[in-house]
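Keep in mind that this is a model prediction, so the values were computed, not measured. What you see below is based on every heavy atom in this structure, not just the backbone, and it leaves out hydrogens, waters and symmetry mates.
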Amino acid sequence: SQTIHQWPATLVQPVGSPLSLECTVEGTSNPNLYWYRQAAGRGLQLLFYSVGIGQISSEVPQNLSASRPQDRQFILSSKKLLLSDSGFYLCAWSVKGQISEYFGPGTRLTVT
Amino acid sequence: AQSVAQPEDQVNVAEGNPLTVKCTYSVSGNPYLFWYVQYPNRGLQFLLKYITGDNLVKGSYGFEAEFNKSQTSFHLKKPSALVSDSALYFCAVRVQAGTALIFGKGTTLSVSS
């Protein structure tokens, strides 16, 4: 069966520090991968999606970037965090051509 | 612009009573429709989806949803609410396979004992 992992589960970082959040999917190959941010406990915003290695699409301009160095690995990064980057970050995956999307457990990021 | 609306920020029901969480959408074509549930500090859990066919879709934990094409609605329902159903519920649509989900803002369901 397929599983999706995210780490770390929680993170507290000072303003201006770098960020790296990792997401990996097991039990499938060549998935579509997504990063969402949820601010203030509601309202999911799609940040990035990827249909393959090195293929990243950004939905909104922001302080963050994403990379997909391996087929089942999706990384969310920032060079310098802002207070507004605080939130709950969710990774998700889907099988190409299918409509269901499956979410990871999330990472709670607090920028201080 | 394509969008999903959940008109209620919060729904309060007593345990044992029926519940309804509302969702309407504005997208082109015939979208795929979803409901997800989120417990505090957890990821989203899939509840149910509508692809085609019967307008009443049954999902996990006794939930069901009714698709109404003329009203472009996909309301989530449960005949008898449990305190453990208290959570944040998201409605979402996908216009076609391979496109991103469009989420509503979420509705907090509070079930009192």
Side-chain angles (χ1 to χ4, degrees), chain A residues 1-12 21 23 25 30-52 55-60 66 86-110, chain B residues 1-11 21 23 25 27 29-53 57 59-60 67 74 86-110:
Chain A
S1 64
Q2 301 90 355
T3 55
I4 179 169
H5 303 279
Q6 283 187 247
W7 64 90
T10 60
L11 189 61
V12 180
L21 302 181
C23 169
V25 181
N30 197 25
N32 291 334
L33 296 172
Y34 311 84
W35 277 113
Y36 292 86
R37 177 169 58 202
Q38 185 179 26
R42 59 195 316 134
L44 285 149
Q45 179 185 38
L46 178 65
L47 300 176
F48 302 95
Y49 69 93
S50 171
V51 298
Q55 301 177 64
I56 310 294
S57 296
S58 174
E59 288 295 299
V60 294
S86 293
F88 193 53
Y89 288 83
L90 290 159
C91 181
W93 71 276
S94 66
V95 176
K96 286 186 173 51
Q98 296 189 14
I99 64 164
S100 295
E101 195 164 311
Y102 307 95
F103 286 79
T107 295
R108 171 73 60 192
L109 171 66
T110 303
Chain B
Q2 302 185 108
S3 63
V4 176
Q6 293 181 242
E8 302 153 317
D9 286 344
Q10 180 147 346
V11 170
V21 182
C23 172
Y25 61 91
V27 301
N30 298 307
Y32 307 108
L33 303 163
F34 301 82
W35 276 101
Y36 288 87
V37 60
Q38 184 182 32
Y39 297 97
N41 293 309
R42 303 290 296 275
L44 271 65
Q45 295 180 32
F46 170 81
L47 277 180
L48 50 81
K49 66 183 176 187
Y50 173 82
I51 301 175
T52 187
V57 179
S60 306
F67 171 64
F74 190 53
S86 298
L88 181 59
Y89 290 80
F90 288 98
C91 180
V93 303
R94 191 186 298 278
V95 176
Q96 60 184 23
T99 62
L101 281 169
I102 304 169
F103 281 91
K105 291 186 176 181
T107 298
T108 299
L109 173 65
S110 179

Participant: Is there side-chain contact between F103(A) and F46(B), with at least one heavy-atom pair below 4.5 Å?
Facilitator: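 Answer no - side chains too far apart.
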Participant: Could you tell me whether the side chain of Q38(A) reaches within less than 4.5 Å of the side chain of F103(B), counting heavy atoms only?
Facilitator: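 Not touching, per the 4.5 Å side-chain cut-off.
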Participant: Calculate, to the nearest 0.5 Å, the distance between atoms CG and OH belonging to L90(A) and Y36(B) respectively.
Facilitator: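 Here the rounded value is 11.0 Å.
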Participant: So, do F34(B) and I99(A) sit near enough that their side-chain heavy atoms are less than 4.5 Å apart?
Facilitator: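 Of all side-chain heavy-atom pairs linking I99(A) with F34(B), at least one is under 4.5 Å.
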Participant: Taking the side chain as every heavy atom from C-beta outward, state whether S100(A) and Y32(B) have any atom pair closer than 4.5 Å.
Facilitator: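 Contact flag for S100(A)/Y32(B) side chains = no.
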Participant: By a 4.5 Å heavy-atom criterion (distance strictly below it), what part of Y49(A) contacts chain B: side chain, backbone, both, or neither?
Facilitator: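 Neither part, no heavy atoms under 4.5 Å.
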Participant: At a heavy-atom separation under 4.5 Å, does R42(B) approach chain A through its side chain, its backbone, both, or neither?
Facilitator: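 Just the backbone, heavy atoms under 4.5 Å.
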Participant: Taking the side chain as everything from C-beta on, heavy atoms only, tell me whether L101(B) gets closer than 4.5 Å to L46(A).
Facilitator: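 No, too far: nothing below the 4.5 Å cut-off.
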Participant: How long is the gap from CD on Q98(A) to CZ on R94(B), to the nearest 0.5 Å?
Facilitator: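 So the gap between those two atoms works out to 10.5 Å.
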